[in-house]
Amino acid sequence: MKVGFASLETMAGGPPGADITYKLPEAQSAVGFAIPLNRNLTRPYLGKELPNARADYEEDNIAINIKAWRMSKQVRDFLREKGYKAEALIPNNKYREDIPGWQASLPPELSLRYLAVRSGVGSFGWSGNIGIKDYGTSIILGGVVTDAKLEPTDPLPPEESFCNKCKLCTKVCAFEMFSDKEETNVILGGYTFAYAKRKNKSRCLLVCGGSTGLEKDGKWSTWSPGRYDYPEDDNEVNRLMSLALTHQKKRPLIKDHSKGYNPASYGQSGIVQLTCGNCQSICWGNPEETKKNFKILTNSGCVIQKENGELIVLPPGKAKEEFENLDPHHKRIYYKDYKRSIKKKAKLSHLMP
Ligand code: SF4
Ligand code: SF4
C-alpha cells in the first residue's frame with residue numbers, strides 16, 4: 001500500500017477534478033492511497049481462460065474497490081474522532097453531475113489520479129492510468145478530504161516512473177480511446193504532468209462499458225461479445241453510442257460465477273460486468289512482463305455469446321464464421337452496419353431542398 005498527502009496549494013491550478021473543496025468546502029488537505037489488485041488473476045483474464053478467468057478477475061476488482069472505499073471511511077472516521085471535518089471519496093463511478101455534459105466527460109468528485117500523482121502515491125503512465133514502479137497499473141486508488149492541515153508530500157521524481165512509453169497500452173484498446181502520439185498536460189501546484197490525449201471518452205464507454213469488444217482488425221476481442229466496426233470519427237462514435245447501448249440492454253448477462261455489480265447507488269441503472277480494463281491490466285511496470293501480457297491478450301481469440309449468456313472463445317477466423325451463422329434475431333443485438341445508416345442519412349439530407 002502507498003499513501004500521500006496533498007493540500008489546497010499543491011492541487012491549485014488544476015482542472016475541476018483537482019478541486020479538493022468540491023466534496024468538502026472547508027477542505028485544506030487530501031489523503032490519497034493505492035492498494036494492489038491480485039495480479040495472479042490478470043493473465044488468465046487477458047488470455048480469456050474459460051470458465052472462471054473473467055469472473056475471478058471481476059470479483060477481485062469489486063472486492064478491492066470495496067476495500068478502498070472501506071479504508072477511506074476508516075480514515076474519515078479517524079479524522080472526525082480527532083475533531084476534524086472529513087469526507088471519504090467513492091473510488092469509482094461517482095461523477096460531478098453539476099458540470100454540463102458530465103455524462104460524456106465523466107468528471108469525478110475529486111480525481112484520485114490527480115491526487116495520487118501530486119502526492120507521490122504513483123505516477124501517470126502513457127495510458128493515463130496511475131502506476132507504481134515494478135508493479136504497474138494493477139492498483140485501485142482511494143482518497144479522503146479533510147479540513148485538517150496535513151503536510152503535503154512531493155510527486156515522484158522521473159526516475160521513479162514505471163512507464164517506459166512502450167505504448168503497448170494504446171494497442172490493447174479496441175477502439176483506440178487515447179492517442180499514441182499526442183499528449184495532454186495537467187498542472188497541479190506548479191508541477192506539470194503528462195499522459196496520452198483522449199480522442200473521445202465515449203470510445204471507452206462503448207468498449208469498457210461492454211457494448212462491444214472486437215479489435216479493429218478482428219484479430220482478438222475483449223470479453224464483450226459485441227462486434228461493431230471501428231468508428232473512424234466522432235460522428236460514428238455518437239451514432240454507435242445510442243445504437244449499441246440499446247442493443248446491449250437486450251443481451252443476456254454474461255453467465256459465469258460473478259454477477260457483476262450494480263451501480264444503482266450512484267444513480268446508474270443495470271448490472272455492470274467487466275469485459276475490458278485492458279490498458280490497466282496489461283502494464284506491469286516491467287517491459288518484459290508487459291510484452292508477455294500483450295502477447296497473451298492478442299493471441300487470446302474472440303468471444304461469442306450463446307443465447308443462455310455463456311461465453312465461448314474461438315480463434316478469430318472461426319469466431320467470425322460462427323458469428324455469421326448465428327440466428328439473425330440473436331445476431332442483431334451484437335452487430336449492425338451502423339456506418340451504412342449514417343451514409344444513407346447523409347445522402348438523403350443532401351437531396352433535401
Ligand atoms: S503499457 Fe505501461 S509502460 Fe507501456 S506506455 Fe503504457 S503505461 Fe507506459
Ligand atoms: S478500459 Fe478498455 S476501452 Fe477503456 S481505455 Fe482502457 S483499453 Fe480502452
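Remember, it's 1-based here, ligands and their atoms both numbered in the order they're listed.
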Check: Does Thr275 reach the side chain of Ile254, with side-chain heavy atoms less than 4.5 Å apart?
Finding: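 Heavy-atom side-chain distance check passes, below 4.5 Å.
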Check: Between Asn299 and Trp220, is any pair of side-chain heavy atoms under 4.5 Å apart?
Finding: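 When only atoms from C-beta onward are counted, Trp220 and Asn299 do not touch, as no gap falls below 4.5 Å.
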Checklist line | Identity and distance of the protein heavy atom lying nearest atom 4 (Fe) of ligand 2 | finding: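 Result: Cys204 SG, 2.4 Å.
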Check ligand 2 against [X] and write out every atom of the ligand that is under 4.0 Å from a heavy-atom position of the residue.
X      : value
Val207 : 3 (S)
Gly277 : 1 (S), 2 (Fe)
Cys173 : 3 (S), 5 (S), 7 (S), 8 (Fe)
Cys279 : 1 (S), 5 (S), 6 (Fe), 7 (S)

Next item on the list: Tell me which part of Cys276 gets within contact of ligand 2: side chain, backbone, both or neither, using heavy atoms under 4.0 Å.
Entry: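 The side chain, only.
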Notebook entry, point to check: Does Arg203 make a cation-pi contact with Tyr230, if we ask for NZ or CZ under 6.0 Å from the ring centre and within 45° of the axis?
Noted result: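 Judged by the rule (NZ or CZ under 6.0 Å from the ring centre, within 45° of its axis), Arg203 counts as positioned above Tyr230.
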Next item on the list: Would you verify whether the NZ or CZ of Arg118 falls within 45 degrees of the ring axis of Phe193 while also being under 6.0 Å from that six-membered ring's centre?
Entry: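 Because its charged atom misses either the 6.0 Å distance or the 45° angle limit, Arg118 does not stack over Phe193.
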Next item on the list: Go around atom 4 (Fe) of ligand 1 and count every protein N, O or S atom nearer than 2.8 Å.
Entry: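 Protein heteroatoms (N, O, S) closer than 2.8 Å to atom 4 (Fe) of ligand 1 number 1.
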Could you tell me whether [X] and [Y] have a side-chain N and a carboxylate O separated by less than 4.0 Å?
X      : Y      : result
Glu289 : Arg43  : yes
Lys320 : Glu324 : no
Glu288 : Lys291 : yes
Glu87  : Lys23  : no

Checklist line | Same apolar cluster: Leu206 and Tyr228, side chain cutoff 4.5 Å | finding: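 Yes, it is one cluster - the side chains of Leu206 and Tyr228 are joined through contacts under 4.5 Å.
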